A.B. asks: 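Pasting a structure below so you can have a look.
The structure displayed is predicted, hence computed values, not measured ones.
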Amino acid sequence: MRVGLGYDVHKLAENRKLIIGGVEIPYEKGLLGHSDADVLVHAIMDSLLGAAALGDIGKHFPDTDEKYKGISSIKLLKYVGELLKENGYSIVNIDSIIIAQRPKMASHIPTMRENMAKALGIDVSQVNVKATTEEGLGFTGTGEGISSQAISLLE
């Protein structure tokens, strides 16, 4: 058994779509980044890669490479799942959290879980997503950005 921890953060910006867990969420701002800036999927990918000691998303998908500009993070997650299989790992479970003051995430979480489970070729029961606010504190609480944390167990 191997455990991996992932963390990601992106700034909220005008004229960007808000994509979290592969779901486009209606909101006046989106996350700034080289890819679609899916903060949840990025944290999950880093937790999976970390558990397998395969580096991090910056190593596999550098933001200096134009082929990743605007790419769907769900596509990158699928690649990470395939990489894990190639290296003899299977996912036991993933637990994650989205930290955002707004927008509310609860209604989108079932679709997020389905998107990520499908990309990884695992059952939706192996993927958990939670959401919380920071009670108006810090950069997420003031609406400057959104962060996410994830932990994964591999065997």
Side-chain angles (χ1 to χ4, degrees), residues 1-12 16-25 27 30-100 103-134 138-140 145-155:
M1 302 292 233
R2 298 180 66 137
V3 176
L5 180 65
Y7 172 79
D8 197 40
V9 61
H10 285 276
K11 182 179 180 175
L12 283 161
R16 292 278 300 189
K17 292 180 181 179
L18 181 59
I19 311 278
I20 300 180
V23 176
E24 185 174 338
I25 299 170
Y27 194 57
L31 294 171
L32 188 61
H34 186 68
S35 66
D36 64 4
D38 190 327
V39 69
L40 175 62
V41 173
H42 292 184
I44 288 174
M45 287 190 295
D46 266 346
S47 74
L48 293 167
L49 290 166
L54 293 172
D56 61 19
I57 61 174
K59 173 184 173 183
H60 293 274
F61 318 110
D63 64 6
T64 55
D65 192 330
E66 283 300 306
K67 73 180 174 185
Y68 301 119
K69 187 166 179 62
I71 195 167
S72 165
S73 294
I74 291 291
K75 288 182 181 180
L76 303 179
L77 181 63
K78 186 174 182 177
Y79 170 83
V80 168
E82 292 166 0
L83 187 61
L84 292 174
K85 287 177 191 164
E86 289 171 15
N87 283 274
Y89 294 105
S90 62
I91 299 167
V92 176
N93 76 302
I94 298 165
D95 189 24
S96 61
I97 189 163
I98 306 160
I99 304 159
K104 296 296 183 191
M105 302 288 165
S107 65
H108 304 289
I109 287 175
T111 307
M112 292 176 188
R113 291 178 64 215
E114 290 168 12
N115 290 345
M116 293 183 295
K118 182 179 177 184
L120 291 167
I122 60 177
D123 191 81
V124 72
S125 68
Q126 293 171 270
V127 180
N128 190 50
V129 176
K130 304 175 296 285
T132 191
T133 70
E134 288 194 301
F139 70 90
T140 59
I146 295 176
S147 67
S148 185
Q149 298 178 21
I151 189 164
S152 301
L153 181 63
L154 304 181
E155 60 181 2

A.B. asks: How many angstroms lie between atom CE of M45 and atom CG of L40, to the nearest 0.5 angstrom?
C.D. replies: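 Answer for the CE-CG pair, M45 versus L40, is 10.0 Å.
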A.B. asks: Atom CG of L153 and atom CD of Q126: how far apart are they, to the nearest 0.5 Å?
C.D. replies: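 If we round to the nearest 0.5 Å, L153:CG and Q126:CD are 10.5 Å apart.
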A.B. asks: Which pair of heavy atoms, one from M105 and one from I20, lies closest together, and at what distance?
C.D. replies: CE-CD1, 3.5 Å
A.B. asks: Test side-chain contact (heavy atoms from CB on, under 4.5 Å) on N128 and I94 and set out the steps.
C.D. replies: CA-CA 6 Å; N128 190 50; I94 298 165; over 6 Å; no
A.B. asks: Does any N or O in the side chain of H108 come within less than 3.5 Å of the main-chain N or O of G21, such that one atom is a donor and the other an acceptor?
C.D. replies: no
A.B. asks: How far does CD of E82 sit from CG of L77, to the nearest 0.5 angstrom?
C.D. replies: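 Interatomic distance, E82 CD to L77 CG, rounded to 0.5 Å: 10.0 Å.
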A.B. asks: Shortest non-hydrogen contact from A100 to I146?
C.D. replies: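 Taking A100 first and I146 second, the nearest heavy atoms are CB-CG1, 3.8 Å.
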A.B. asks: Can you name the nearest heavy-atom pair linking D46 to I57, along with the distance?
C.D. replies: OD1-N, 2.8 Å
A.B. asks: Determine whether I99 and E134 make a side-chain contact, defined as any pair of heavy atoms from C-beta on separated by less than 4.5 Å.
C.D. replies: yes
A.B. asks: Which pair of heavy atoms, one from D38 and one from G22, lies closest together, and at what distance?
C.D. replies: OD2-N, 2.8 Å
A.B. asks: Does any non-hydrogen side-chain atom of S73 lie less than 4.5 Å from one of I19?
C.D. replies: no
A.B. asks: Rounded to the nearest 0.5 Å, what separates atom OH in Y79 from atom CG in L84?
C.D. replies: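 Spacing of OH (Y79) from CG (L84) equals 10.5 Å.
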A.B. asks: Within the 4.5 Å heavy-atom criterion, are V92 and L154 side-chain neighbours or not?
C.D. replies: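 V92 vs L154: side chains apart.
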A.B. asks: When you look at E66 and H34, which way does the side-chain contact (heavy atoms from CB on, under 4.5 Å) test go after all the steps?
C.D. replies: CA-CA 9 Å; E66 283 300 306; H34 186 68; 4.0 Å; yes
A.B. asks: Begin from the C-alpha positions of L83 and L48 and carry the test side-chain contact (heavy atoms from CB on, under 4.5 Å) through to its verdict.
C.D. replies: CA-CA 10 Å; L83 187 61; L48 293 167; over 6 Å; no
A.B. asks: Between I74 and M116, is any pair of side-chain heavy atoms under 4.5 Å apart?
C.D. replies: yes
A.B. asks: Please round to the nearest 0.5 Å and tell me the distance separating atom CD of Q149 and atom NZ of K130.
C.D. replies: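 Q149 CD to K130 NZ: 9.5 Å, rounded to 0.5 Å.
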A.B. asks: On a heavy-atom basis, which atom in S152 and which in I44 lie closest, and how many Å separate them?
C.D. replies: OG-O, 4.3 Å
A.B. asks: Just checking K17: does its NZ atom have more than 12 heavy atoms from other residues, nucleotides or ligands closer to it than 6.0 angstrom?
C.D. replies: no
A.B. asks: If you look at every heavy atom in L32 and R16, which pair is closest and at what distance?
C.D. replies: CA-NE, 4.1 Å
A.B. asks: List the steps and the verdict of side-chain hydrogen bond (donor to acceptor under 3.5 Å, both in side chains) for S148 and H42.
C.D. replies: CA-CA 8 Å; S148 185; H42 292 184; over 6 Å; no
A.B. asks: Working to the nearest 0.5 Å, report the span between CG of D36 and NZ of K75.
C.D. replies: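 Between D36 CG and K75 NZ, I get 10.0 Å after rounding to 0.5 Å.
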A.B. asks: For the backbone of Y89 and the side chain of N87, can you confirm whether one donor and one acceptor N or O come within less than 3.5 Å of each other?
C.D. replies: no
A.B. asks: Would F61 and I71 count as a side-chain contact (heavy atoms from CB on, under 4.5 Å) here? Give the steps.
C.D. replies: CA-CA 10 Å; F61 318 110; I71 195 167; over 6 Å; no
